[in-house]
Every structure is written in C-alpha cells, then in structure tokens.
Number of protein chains: 2
Amino acid sequence: MAPPLQTSAFLSPGLGVHPSRQADLQRCLLCDQRDANLCSGLDKQGLAALAQSSKRLVLPPGTTMVEEGEPAVSFFNVTQGTVKLFKSLPDGRRQITGFADPGQFLGLSPSDVYSFGAETVDTVQVCRFQRPQLEGLLSDFPVFERNLLVAVTDRLAEAQEQMLLLGRKTAKEKVASFLLDRLQAHERAQATAAAHDHDEPAATTEHVASVPMTRIDIADYLGLTIETVSRTISALRREKIIANMENHYIQILAPATLRQIASGQQNG
Amino acid sequence: MAPPLQTSAFLSPGLGVHPSRQADLQRCLLCDQRDANLCSGLDKQGLAALAQSSKRLVLPPGTTMVEEGEPAVSFFNVTQGTVKLFKSLPDGRRQITGFADPGQFLGLSPSDVYSFGAETVDTVQVCRFQRPQLEGLLSDFPVFERNLLVAVTDRLAEAQEQMLLLGRKTAKEKVASFLLDRLQAHERAQATAAAHDHDEPAATTEHVASVPMTRIDIADYLGLTIETVSRTISALRREKIIANMENHYIQILAPATLRQIASGQQNG
DNA sequence: CGATAGATTGATACATTTCAAGTGAAGTGG
DNA sequence: CCACTTCACTTGAAATGTATCAATCTATCG
C-alpha cells in the first residue's frame, strides 16, 4: 500500500542548491501560504523539495480542476482564490461539499480515481503536485505527512459540521452559518495579507464576508434552491442583520445575532 | 487488496518480546481486524507496540464513548459492533454523521476537545489508545501513520457522499442508500468472519442488511423523522424490494432496483 | 399481565420547492 | 450611443414532500 521510500538527502542543506531550482525555492519562501497548513514547519530542505515537486498555476474562474471518475493524478494546494468541490447525481442534482480557500489542499481520493469534482470559483492560484511525487514527499518528510494528516482531519470535522447543517438546520440557519463561514474566510485572508505586508493589522471594526460564489453555488452548498437562498438573504437584510456591499461582499451588521441564528437559538 | 501477510512463525522466541506483553501481542495477532485499515501492514514489532499502547474494552449498548466538548484524550479502533458518531444543536436536534463498524477508528479531533459525540449502538469491542501514546506510535511507525491517513481520507470521502445524500436526495433515495450501506457493512462482517473461521465463504445468495440501530438513529443519520423513515421502509416492503427478517436484519430482494433508487434513477 | 420502548399508520400543517414573472447590470453589435 | 441579449438575482403565487400531531400496534421485560 504505502511504498516505504528511503529518505535520500537529495539536497544537502546550505550547500549548492541547484541553480535552476533557486526560483522554485524562492516561490515557496515568498509564498503567502508558506506557514499555512501543509507547508508549515518545514525546513529549507523540505521546502526546496516541495518547490521542486510542484508547479504553480493560475486558473481563470470556472476552470475544471478535477473531474469525478477521472484518474486521480494531481494534488493541489490553493494559494489564492476559492475552489468549489462537489458531487453530483446522474440527473444533474449537485451538492457542493466544500469551498477550498487559500491554504487548503484538494485532490486526495480513497481510490485511484477522483471521488468528486472541483472547479474554480474566481481566479485561483494553486501549487500542483503529481501523485507519485506527492507520495515521495510524504515518505521523505514526516512533518509534511503529519501536516496532511492534520489537514484532512480538519476537513473531516468541517464535513461533520456541514452534515449537521444539511440534515438538521432550517434555511435561515443554513444561510446564517454560511455567512459566518465566509466572514471567517475573509478575516483569515485579511490576516494573511496583513502579515505579508508588514502592516499593522487594521483594527477590524467592520465585519465583512467574502462571497465570491453565485447563488447557485450557495444553494448547492446549503442543500437549498437559489430562490430560497435569495429570499433568506433578503429577509436578513430587512432585519438589518446584514447589509449589501459591492459585488461579492456582504457586511455583517449583527454578528452576535447571526451566530445565534446559525446555532438555532433564535428564529428572528 | 489482500495485504502482504508476514509468513514468519508468529512467536519466534529470539525476538525477545517482554513476557508480560505476550498476552497483549497475542490479542493483536489473533484479532479479527488485524489486517484491516489501521493495523494492516505492521511488522511484529509494530504490532507489539500497538498492543502495548492499547487496551481492549467491551462496552454495552448505549454507552457514551466520546462527549462533544470534552478533552480528546482517547482514540479508538472498533473491532466488533457499531458505534454512532453525531453532532447536536443546543435545542437537541441531532445529526448522526456516521456509523463506525468493525475496522474503523474514531476519536480524532482537530482541537484538544472532541468536536463530536460517540455512543455504542450494540455491544461493542474497541481498542483504546491514549492520545500521547497514539502520537508516539504515529511517529515511530510510518506504516501506522500512513494507514491512519488513508483511513481518514476514506472517511472524508464517505462524508462527502453523505453530504450529497443529505442535501440533494429524496426520502426514498436516502433510505435506499442507507440500506445499501448496511448491506455492505454486513457483507464485510461476513467476509471477515469467514476468513477467520477458515471456512469457505458461503456463496452469498441472500442479500441481507445489518441494521442494529433504531429508527431514531436512522432518522438522525438521514436527516429525516422516524415517521418518514418508517413509512419509506414500509413502501419498499410493499413494492417487494425488501423484506423483513428477524429483529435487526432486512433482506434485500431487489438490490439492483435499490441501487437505481439510491442513485436517483428511479422513483419506484 | 401491565408497563414501557420502538415502530407503524393516518390526518393535517407547513417550510421549502416549483413555476412564473420581472429587475438590474454588464456586455455586444449595429 | 443605444437597442438587445444575457446572466445573476429577486420577488410572488401555487404546489408538494416531509414534518408534526395523534392514535395504535407490537414486542420485550419486570
């Protein structure tokens, strides 16, 4: 099952890193997501190996990254933008199982074909790994494998939370939960950007949710129809719990209230 | 599929296993689940370490194994029976996120407190690990860590399938999918038992689903009410797709039809 | 044998879907 | 520069699948 690869030291630290690989390593060293999830805790040698084994891609909105049933040859780490993961029924009904924001991986599958599809929501940057090289990295760098284990565990916990939402929450509770998720996603993005700008983290007095996806995607994520999503968002706006902003952002006026709604302690 | 078994005599005295640990090692060597998931591919040293670090427990039906919010101190590997995992809302609404049948683990959590609850459905046998010892095992035995990574990945894929069910399937499709899951669970159990009996695998001409859980559990797993579950099962019985057996077993008369229903290609 | 828990069945209610129409913004071509 | 299309979204009215409320049945167990 797991080929126990030898940890051959193919890049002696400190000594001459292959010139043509310098650019690769730089890419990792300067990456926004360098200390996030998969890539955290790696020494220079590990980072160099990661850099060598991956390729950075920029993908326009609506790009299919993974198709259900196709051979699972690639593995991705998202560094910018949002990717939607989904499963479909033969008649076209679709369930979005999650959104992969910067710092998250995608592409693991229990078999040799993908068990899900993936498509970019907006413009997305990823690091792409090929399967065999990924397995080598896992074997060679225990920290990397541990990071992946932790990341998959996180995703599993998220999936369980989403099952609670899908199975037991009302439309209003679903939308409230979603907006809070997107608030958190935006806050994380802000924090990451601030850290790399060396700027002071601007005191977040405004609560803003990043919602780059369409109503169709939201509906397919929450197990609702687009009409119900639209109506529910309108209702929250009428109740002054949220407010419209530019294109793909929503302001959260009453986060505490929204949290109460999301956890089923208030019906508004 | 079949893991490469060690063919060596399983207790060569030369290897100096500590005498007081012999019983522990025997427990692992004779375990039904020895070659399943987490415990597969381990050499004798690894198996001995596993045996030493874990304790076998037998738990009666309805035992709380894990409570949401409590410190995540234990990790379990199920060797017999079925455990239900769930998340709840403050007002008591509950979603069962999965059933852990023999060979499956439970107890991983992204933080230091459990993000879910777990309770035995019937009489359950588990191997219990304490957190610190588990981490030691993961670090010491790469095969073990890889097994866990594979197992968590499997569970994540299952969770995604269940999200599709919860968000997009009708009551009838949900129940059909559930019965097929339970058919597979029973078939796996049969296969395991047969392998350890050294008996020929009895030609499975009858398709039987093992359903040890109550209607309440089924409803909380499928995002339905007990009434809807009951009505739907009755409808399938009326249509001669399934038939009643003793207490907690259901016979599948038309597996192909059930599969079509489960995947949304037929409404019956 | 009565008590209790699990399961079934029926009648009604309701949350969400479905069907339908309409709005507004962005892009296109004459 | 302005009709015209398109796409995402919103809103309304009617339909429906599942939930809720309620009664009954069955099996197990003290």
Side-chain angles (χ1 to χ4, degrees), chain A residues 61-62 84 89 91-95 121-122 165-179 211-239 242-250 261 264 267-268, chain B residues 60-62 84 89 91-96 119 121-122 165-179 209 211-239 242-250 261 264 267-268:
Chain A
K84 57 189 177 198
L89 289 170
D91 63 3
R93 278 175 287 172
R94 190 181 66 155
Q95 178 66 38
V121 169
D122 47 14
L165 177 150
L166 290 169
R168 289 301 182 216
K169 287 189 181 178
T170 66
K172 189 164 191 178
E173 289 162 0
K174 287 177 176 182
V175 170
S177 303
F178 171 72
L179 290 174
V211 188
M213 59 290 290
T214 66
R215 292 287 183 273
I216 297 181
D217 287 341
I218 300 173
D220 282 348
Y221 181 55
L222 300 178
L224 298 171
T225 59
I226 56 172
E227 294 94 333
T228 299
V229 171
S230 188
R231 274 188 254 274
T232 308
I233 289 180
S234 295
L236 290 173
R237 200 180 320 115
R238 250 179 280 118
E239 297 171 47
I242 64 176
N244 273 6
M245 295 183 72
E246 346 126 49
N247 224 347
H248 283 290
Y249 293 92
I250 293 180
I261 295 172
N267 51 40
Chain B
K84 58 189 176 197
L89 289 169
D91 63 4
R93 278 175 287 173
R94 189 181 67 153
Q95 178 65 40
I96 291 183
E119 194 180 315
V121 169
D122 47 13
L165 178 149
L166 290 169
R168 289 299 181 220
K169 288 189 182 178
T170 65
K172 190 165 190 177
E173 290 163 1
K174 286 177 175 182
V175 170
S177 304
F178 171 72
L179 289 174
V211 188
M213 59 290 289
T214 66
R215 292 288 182 270
I216 297 181
D217 287 341
I218 299 173
D220 282 349
Y221 180 56
L222 300 179
L224 298 170
T225 59
I226 56 172
E227 292 95 332
T228 298
V229 170
S230 188
R231 274 187 253 273
T232 307
I233 290 180
S234 296
L236 290 173
R237 200 181 320 115
R238 251 178 279 120
E239 297 170 45
I242 64 176
N244 273 4
M245 296 185 72
E246 347 124 49
N247 224 346
H248 284 291
Y249 293 93
I250 293 179
I261 296 172
N267 51 40

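None of these values were measured; they are calculated from a predicted model. Numbers restart at 1 for each chain; the letters A, B, ... are given by sequence-line order, proteins then strands.
First and last contacting nucleotides of DNA chain C toward chain A (any atom under 4.0 angstrom from a heavy atom, 5' to 3' order): C/dT16 to C/dC19.
With sequence neighbours excluded, the residues satisfying salt bridge (charged side-chain N to carboxylate O under 4.0 Å, His left out) with B/Arg168 are A/Asp220. Among residues two or more places apart in sequence or in another chain, the ring-ring contact (aromatic ring centres under 6.0 Å, His included) test is passed with B/Phe178 by B/Tyr221. Listed by chain and number, the residues in a salt bridge (charged side-chain N to carboxylate O under 4.0 Å, His left out) with B/Arg93 are A/Glu173, B/Asp91 (sequence neighbours excluded).
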### Test log, rule side-chain contact (heavy atoms from CB on, under 4.5 Å), inputs B/Lys172 and B/Leu236
CA-CA 9 Å; B/Lys172 190 165 190 177; B/Leu236 290 173; 3.8 Å; yes
### Message
side-chain contact (heavy atoms from CB on, under 4.5 Å) for A/Gln95 and B/Leu166? Distances and angles first, verdict last.
### Response
CA-CA 9 Å; A/Gln95 178 66 38; B/Leu166 290 169; over 6 Å; no
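With respect to B/Val175, the side chain to side chain contact (heavy atoms under 4.5 Å, CB included) criterion is satisfied by exactly one of B/Ile261, B/Ile233, B/Ile218: B/Ile233.
Using modelled atom types, no side-chain atom of B/Ser230 and backbone atom of B/Ile226 make a donor-acceptor pair closer than 3.5 Å.
Here the NE2 atom belonging to A/His248 is positioned 9.5 Å from the CE atom belonging to A/Met213, to the nearest 0.5 angstrom.
Residues from residues 213-220 of chain A placing a heavy atom under 4.0 Å of any atom in DNA chain D, listed by number, are A/Thr214, A/Arg215.
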### Under 4.0 Å protein heavy-atom contact, by nucleotide of nucleotides 16-30 of chain D - B base, S sugar-phosphate only
--SSBB---------
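The minimum heavy-atom distance linking A/Ser177 with A/Lys169 is given by the pair OG-NZ, 2.9 Å. For A/Pro212 against A/Asp122, the heavy-atom pair with the smallest separation is CB-OD2, 3.7 Å.
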